[in-house]
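Accompanying notes for the structure given below.
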Amino acid sequence: MVAPWQQLTSINQIDRIIDDSNNKTIAIFKHSTRCGVSSHAMHKLEDSWQFDEKQLDFYYLDLLTYRNISNEIADRFRVIHQSPQLIIIKNGKAVYNISHQGVSNEIIEKFI
């Protein structure tokens with residue numbers, strides 16, 4: 001199964017993420033395209049992807065291109081910016097976030 005990334009390219013999408021998180025789990029993966037650790041975390045997610053699109057919405061943020069969105073995510077969800085970072089959103093709030101080697105599908109599975 002291929003990870004169904006949805007590109008996060010607009011601050012306006014954050015409002016939709018908040019609304020949608022009342023009905024299903026949302027995962028945001030913040031990725032630095034210049035970081036080897038971030039690339040490793042992304043491949044780890046992709047290689048073991050096991051979720052159906054009905055279970056969660058999965059967003060990908062290229063934080064070098066969209067740093068303003070990364071900053072907005074940090075402000076709205078009250079999480080410290082890190083890279084790579086996986087943020088789980090439920091009912092309009094960040095219920096979990098983890099970075100670096102801790103990023104995994106096992107984390108996502110706990111919140112579905």
Self-check item: Shared hydrophobic cluster, I73 / Y59 (ILVMFWY, side-chain heavy atoms < 4.5 Å)
Solution: yes

Quiz item: Can you name the nearest heavy-atom pair linking Q85 to I80, along with the distance?
Solution: NE2-O, 2.9 Å

Quiz item: Atom OG in S83, atom CZ in R34: separation rounded to 0.5 Å?
Solution: 11.0 Å

Self-check item: Heavy-atom pair with the smallest gap, counting every atom of F58 and W5
Solution: CE2-CZ3, 2.7 Å

Quiz item: So Y60 and F29, would you call those rings parallel, tilted or perpendicular, with 30° and 60° as cut-offs?
Solution: tilted

Practice problem: Specify the closest pair of heavy atoms between I18 and G92, including all atoms of both residues, with the distance to one decimal. | Solution: CG2-CA, 3.9 Å

Practice problem: List the steps and the verdict of side chain to side chain contact (heavy atoms under 4.5 Å, CB included) for Q7 and Q13. | Solution: CA-CA 10 Å; Q7 298 289 323; Q13 287 175 281; over 6 Å; no

Practice problem: To the nearest 0.5 Å, tell me how far N22 CG sits from I89 CD1. | Solution: 11.5 Å

Exercise. Return the minimal non-hydrogen interatomic distance between S10 and I69, and the atom names on each side.
Key: N-CD1, 3.2 Å

Quiz prompt | Contact list for residues 86-112, test ring pair (Phe, Tyr, Trp, His ring centres under 6.0 Å), sequence neighbours left out | solution = Y96-F111

Quiz item: Linking I/L/V/M/F/W/Y whenever any side-chain heavy atoms sit under 4.5 Å apart, do V79 and L61 land together?
Solution: yes

Self-check item: CG-CG distance between L63 and N71, expressed to the nearest 0.5 angstrom
Solution: 9.5 Å

Practice problem: State the OG-CG distance between S99 and L86, to the nearest 0.5 angstrom. | Solution: 10.0 Å

Exercise. Might you work through the side chain to side chain contact (heavy atoms under 4.5 Å, CB included) test for T25 and I108, ending with a clear yes or no?
Key: CA-CA 9 Å; T25 301; I108 295 171; 5.5 Å; no

Practice problem: Check step by step if side chain to side chain contact (heavy atoms under 4.5 Å, CB included) holds for Q101 and V37. | Solution: CA-CA 8 Å; Q101 287 82 8; V37 173; 4.1 Å; yes

Practice problem: Hey, could you give me the CD/CG distance between E72 and N12, rounded to the nearest 0.5 Å? | Solution: 10.0 Å

Quiz item: Are any of the side-chain heavy atoms of R76 and I11 separated by less than 4.5 Å?
Solution: yes

Practice problem: Drop me the distance from K90's NZ to I112's CD1, to the nearest 0.5 angstrom. | Solution: 8.0 Å

Exercise. Kindly give the heavy-atom pair with the smallest separation between I17 and L8, and that separation in Å.
Key: CD1-CD1, 4.1 Å

Quiz item: Out of curiosity, does I88 fall in the hydrophobic cluster containing I26 (side-chain heavy atoms, cut-off under 4.5 Å, transitive links)?
Solution: no

Quiz item: How far apart are the closest heavy atoms of Q50 and Q55, and which atoms are they?
Solution: O-OE1, 4.3 Å

Quiz item: Going hydrophobic residue to hydrophobic residue with side-chain gaps under 4.5 angstrom, can you get from W49 over to I87?
Solution: no

Quiz item: Can you tell me if NZ on K24 sees more than 12 non-hydrogen neighbours from other groups inside 6.0 Å?
Solution: yes

Exercise. Check the pair S38 / H31 against side chain to side chain contact (heavy atoms under 4.5 Å, CB included), numbers first and verdict last.
Key: CA-CA 6 Å; S38 192; H31 174 56; 2.6 Å; yes

